[in-house]
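In what follows, a single structure is set out as structure tokens and then discussed.
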Amino acid sequence: MTLAYITHASCRLHEMGSYHPECPARLDAIHDRLISSGLDAHLQHYEAPEATDEQLARVHGQDYLEMIAESSPASGVHYLDPDTALNPYSESAARHAAGAVVLATDLVMRAECDTAFCAVRPPGHHAERNRAMGFCIYNSLAVGVAHALAEHDLERAAIVDFDVHHGNGTEDIFSDDPRVIMVGSFQHPLYPYSGFENVAENMHNVPLSAGTDGEVMRRAVTDVWLPALNAFRPQILFISAGFDAHREDPLANLKWSDADYTWVTQQLTAVAGEHCDGRIVSSLEGGYALSALGRSATLHVRALAGL
Ligand SMILES: [Zn+2]
């Protein structure tokens with residue numbers, strides 16, 4: 001099986017302050033571990049293109065897109081919310097992050113690769129149709145899903161979100177869209193304090209309490225995610241791959257281990273093998289303990305590549 005590894009240099013130039021946990025070193029932690037593990041040599045490397053205005057406008061409002069363009073500073077940092085800021089390179093980084101997911105979608109749909117991993121930042125799953133929040137500017141994964149539906153004539157796309165935070169942005173964009181289901185788990189209560197009430201029927205959320213380990217997560221996957229995915233029979237599977245449920249992560253309190261990321265990825269490759277010729281597009285979301293992030297993402301990529 002071939003795996004496309006997609007990134008862009010601009011994703012390292014987006015910085016929100018030296019104190020900020022969503023930092024350029026996150027991408028180095030992943031790439032360094034891929035190299036030292038020997039896995040990097042087995043991947044097909046691609047440079048992400050920019051997402052076009054048309055691609056972004058499928059999931060974001062025109063006023064929102066204009067606001068982001070006008071807010072981009074020539075120097076310094078402009079805050080969109082207390083956690084989320086733009087520097088002069090951020091808009092380009094966010095556009096390449098979304099473009100990476102679009103390219104990944106095209107590659108797996110054209111069978112030029114089996115699976116794809118987008119090593120990009122800023123992350124995207126908190127970005128709602130008309131709101132930047134939680135370190136996210138454009139909802140990259142949602143841009144890719146909308147591209148798959150519009151340009152590849154698909155009728156059913158599934159999203160899996162295993163970041164420790166609820167993917168409120170993706171839920172905002174695809175709630176009640178019959179072409180999409182999302183399965184996910186997240187620590188609750190925790191930022192952004194959503195996803196547990198008045199949830200649309202196509203959203204299959206599993207809130208997990210602080211301290212939950214991989215054992216409980218595996219039961220949730222077996223009991224909730226897999227039945228929902230198998231009933232839906234997706235034509236492509238997207239993964240919002242956040243690694244902040246890891247026990248070493250400083251931003252949350254779940255206790256997943258390195259091996260849990262291998263296990264959950266193997267479950268998802270089995271679903272994709274059953275229903276959609278193995279087509280998976282995975283994109284980086286959170287993960288802030290640099291060593292754990294590098295290890296977990298490498299195990300995720302290894303499992304996606306079937307290695
Ligand atoms: Zn997160």
Side-chain angles (χ1 to χ4, degrees), residues 11 14 16-17 19-27 29-30 80-85 93-94 97-98 101 117-128 131-142 159-173 182-196 203 205-214 216-217 220-221 225 238-258 260-261 264-265 268 282-297 299-300:
C11 295
H14 162 61
M16 298 182 284
Y19 66 91
H20 205 295
E22 206 290 276
C23 59
R26 297 178 62 235
L27 296 181
I30 295 171
L80 298 167
D81 92 339
D83 302 320
T84 315
V101 187
F117 180 73
C118 304
V120 292
R121 52 182 293 280
H125 74 150
H126 294 305
E128 298 184 345
R131 180 156 72 141
M133 58 184 276
F135 317 163
C136 301
I137 299 165
Y138 300 141
N139 195 317
S140 306
L141 200 90
I159 302 168
V160 177
D161 187 332
F162 58 66
D163 190 276
V164 80
H165 303 95
H166 173 234
N168 61 292
T170 316
E171 185 163 306
D172 173 60
I173 290 164
M182 180 158 87
V183 304
S185 62
F186 47 86
Q187 184 179 326
H188 173 73
L190 185 71
Y191 182 90
Y193 304 100
S194 54
F196 60 98
M203 300 288 146
N205 296 344
V206 183
L208 301 170
S209 23
T212 296
D213 63 12
V216 175
M217 174 274 284
V221 170
W225 295 10
F238 288 86
I239 303 177
S240 263
F243 298 93
D244 40 10
H246 195 285
R247 61 178 68 235
E248 293 170 28
D249 200 276
L251 265 59
N253 315 94
L254 297 194
K255 295 189 181 308
W256 297 12
S257 66
D258 293 19
D260 290 323
Y261 289 99
V264 71
T265 307
L268 299 174
S282 176
S283 188
L284 179 66
E285 301 286 359
Y288 305 98
L290 294 180
S291 173
L293 170 64
R295 294 180 340 251
S296 306
L299 291 168
H300 173 64

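Counting starts at 1 for both ligands and their atoms, in listed order.
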May I have the step-by-step check of side-chain contact (heavy atoms from CB on, under 4.5 Å) for L190 and L251, ending in yes or no? CA-CA 10 Å; L190 185 71; L251 265 59; over 6 Å; no
Can you tell which of D258, D249, D260 makes a salt bridge (charged side-chain N to carboxylate O under 4.0 Å, His left out) with R295? D258
If I consider every N, O or S atom in D244, which one ends up closest to the Zn ion (ligand 1)? I only need its name. OD2
Need the atom name: nearest N/O/S atom of D163 to the Zn ion (ligand 1). OD1
For F196, check ring-ring contact (aromatic ring centres under 6.0 Å, His included) against everything at least two apart and list the hits. H188
ring-ring contact (aromatic ring centres under 6.0 Å, His included) partners for H300, two or more places apart: F117, F162, F243
Look at the N, O or S atoms of H165, main chain and side chain alike, and state whether any lies under 2.8 Å from the Zn ion (ligand 1). yes
